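All values reported here derive from a predicted model rather than from experimental measurement. Values reported hereafter were calculated over all heavy atoms of this structure, with side chains retained and with hydrogens, waters and symmetry mates removed. Each chain gets a letter, A, B and so on, in the order the sequences are listed, and its residues count up from 1.
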Amino acid sequence: MRLSKFHLATVKEVPADAEIASHRLMLRAGMLRKHAAGLYTWSPLGFKVLKKVEAVVREEMDRAGALELAMPTIQPRELWDETGRWQKFGGQLLKIKDRKEAEYCYGPTAEEVITDFARSELKSYKQLPVNFYQITPKFRDEIRPRFGVMRAREFLMKDAYSFHVDEASLGREYDNMYATYARIFTRLGLAFRAVAADTGAIGGSRSHEFQVLADSGEDAIAFSDASDYAANVELASALAPGPRAAAREAMREVPTPGKATCADVAALLGIDIRRTVKSVCVVGENGFVLALVRGDHDVNEVKLQKIPGLAEYRLANEQEIIAALGAKPGYLGPVGADRKKVRVIADREVAAMADFVVGANKADFHIAGVNWGRDLPEPDAVADIRKAIEGDLSPDGKGRLKIARGIEVGHVFALGTKYSEAMGATVLDTDGKNRPMQMGCYGIGVSRIVAAAIEQNHDDAGIVWPEPMAPWRMAVCVINPKNDAKINEAASALYGELNAAGIETCLDDRGLRPGAMFADIELIGIPHRVVVSERGLAASTFEYRGRRDAESRNLTREELFARLG
RNA sequence: CGGGGUGUAGCUCAGCCUGGUAGAGCGCUACUUUCGGGAGGUAGAAGUCGGAGGUUCGAAUCCUCUCACCCCGACCA
């Protein structure tokens, strides 16, 4: 591509609210143009990159044996009613009506449609296993779109759905997809980690996320420093605590005026915060619940939701708290609570504590030396309800947990029969019996990968593309093309030869001043650059510089081609 | 949905408090001098000041309503 014929639209200034590097750089490089919250046009430059990512995903999916198809982006309500997700999916589902007032949604995912397709196409175990995929726009009406295409409302996603006669077959395809994803992200040149994940709204039994590691990531992931254990913090557990120690202290009330946090109370009493207990009040389906975690821990909402009766809990408001416990937040605790009205759920760590400190349910007082069984009844339930933190013992007993941040770019789920049962997608097995197909689903956020790659690969000058997704691998820059036809010819010739050699190259023949030209080429992240000028021409060398190099070097034509291999 | 903020030229913003009929930088057009790290000069095009209503002799500016966008929170592949 000759850049004089290309729509390269770099800009110097960018809105102050573009907060993260990828969003800022995509705007500066002119890859994106926003029309409304979470809705973007990909410019020719941005689209080129998006297509590169898409191509890698497609190649690897095809290689893995999946079959590409295309489903409609607009989906009828009837299918979503069959699985109950018309209601359950919530506000993220964009609902629309046609002229006849019939209801549809813009597809945020396609389990319903593919299952509808599968139940009419697949009748026999002999047609299985099969894995269908598509790479199409999806729409989720995000509560808060942000960070450019990182969390857009319309985005490009590869979604794949596999069908199996039994769980063993599903397990094999799950492993196949897991390996395929690892290959895709490796090929794209990204530093990533596969982590065990919560199955969330999609449902299912087994699930892994593929996280691109980046400090700006919205997800926290926990991994062991001594084993391959890795999980989203939503799911990550610490090793279960040992048995409870014996009580040694007497229970006593202590004044703690104005000390409403565990950290303040611990400091006042001169004790380790790990001897305090934090009380969190929520309201579940069956009423008021007091959830207890150690003072230095936080409640994990996802884990708490898994407790029976708390699937749709919310935080209690102050009136409800005062009605249930008789005190305001900051001085709450389980001691003396009316257990008919208040269900006490203790984190495993809390259940294993002795001689601990809790709020007294009385303003400005706490109770120290508290012990389960002696001073209050045992918890109504004990479960792992806390967030794992850095330094926790890994649940496999090997090493300690570290916490890193990541950007979720892929997710694999073993769905089981959740959708096939709801929608009656069955096949005849070898015994001639109808049985619901086992399903897996496998998503990759194609547009998000572009942003994630920039988060991981940029510097002060701009984007530093991994080669597989760069819009061009090489840029040939011409200095003062107007002054000297020979320079122009030499540059054109080199440009033609590089492309002929399979090295995708752009020619910067826009006639810009060198400074502006170099700044643009660096901003848009081209991995390799050659400058053609009077100087080099005289010496029969080309001035080469890699995007990450500090300085240029003069190479002969042979050296240059050898380097790009 | 709760709290906060912003809408003025293609872009980034100033002007608003204290009302007098709109500015800067970048970009764009023409000419010119430049020409190896975002050049300089000259001339120029370009804005119903998000929308509606109100107050006023007069509204970008004050008031009311409304729409859009952004931030924090709750929520989320």
**Asked** Checking all strands, does E209(A) fall into the base, sugar-phosphate, or nothing category for heavy-atom contacts under 4.0 angstrom?
**Response** nothing
E13(A) CD to A14(B) C1', in whole Å, measures 13 Å
Between CD of Q305(A) and C1' of C75(B) the distance, given in whole Å, is 10 Å
* Within the structure shown, what part of the strands sits under 4.0 Å from R24(A) by heavy-atom distance: base, sugar-phosphate, or nothing? -> nothing
Would you mind classifying the nucleic acid contact of D520(A) as base, sugar-phosphate or nothing, using non-hydrogen atoms under 4.0 angstrom?
base
Taken to the nearest whole Å, CG/D141(A) to P/C76(B) is 15 Å
Here the distance between atom C1' of A68(B) and atom CG of L39(A), to the nearest Å, is 13 Å
Checking N1-N3 plus N6-O4 or O6-N4 for Watson-Crick, or N1-O2 and O6-N3 for wobble, each under 3.5 Å, the partner of U18(B) is none
Any strand, both distances under 3.5 Å, Watson-Crick or G-U wobble: A74(B) pairs with none
inquiry  = Taking C67(B) as the reference, what is the distance to G19(B) when you measure between their P atoms (whole Å, please)?
reply    = 30 Å
*Do R529(A) and F518(A) come close enough that some side-chain heavy atom pair is under 4.5 Å?*
yes
Residue pairs passing the side chain to side chain donor-acceptor pair (under 3.5 Å) test with at least one member in residues 438-449 of chain A, sequence neighbours excluded, are S162(A)-Y442(A)
From the list V283(A), L304(A), V289(A), side chain to side chain contact (heavy atoms under 4.5 Å, CB included) with Y313(A) holds only for L304(A)
Q.
Taking the P atom in each of U42(B) and A68(B), what is the distance between them to the nearest angstrom?
A. 45 Å
Here the distance between atom P of C69(B) and atom CZ of R151(A), to the nearest Å, is 17 Å
Partner of A68(B) under the Watson-Crick or G-U wobble criteria, both distances under 3.5 Å, comes out as U6(B)
Whole-Å distance, M517(A) CE to G37(B) C1', equals 10 Å
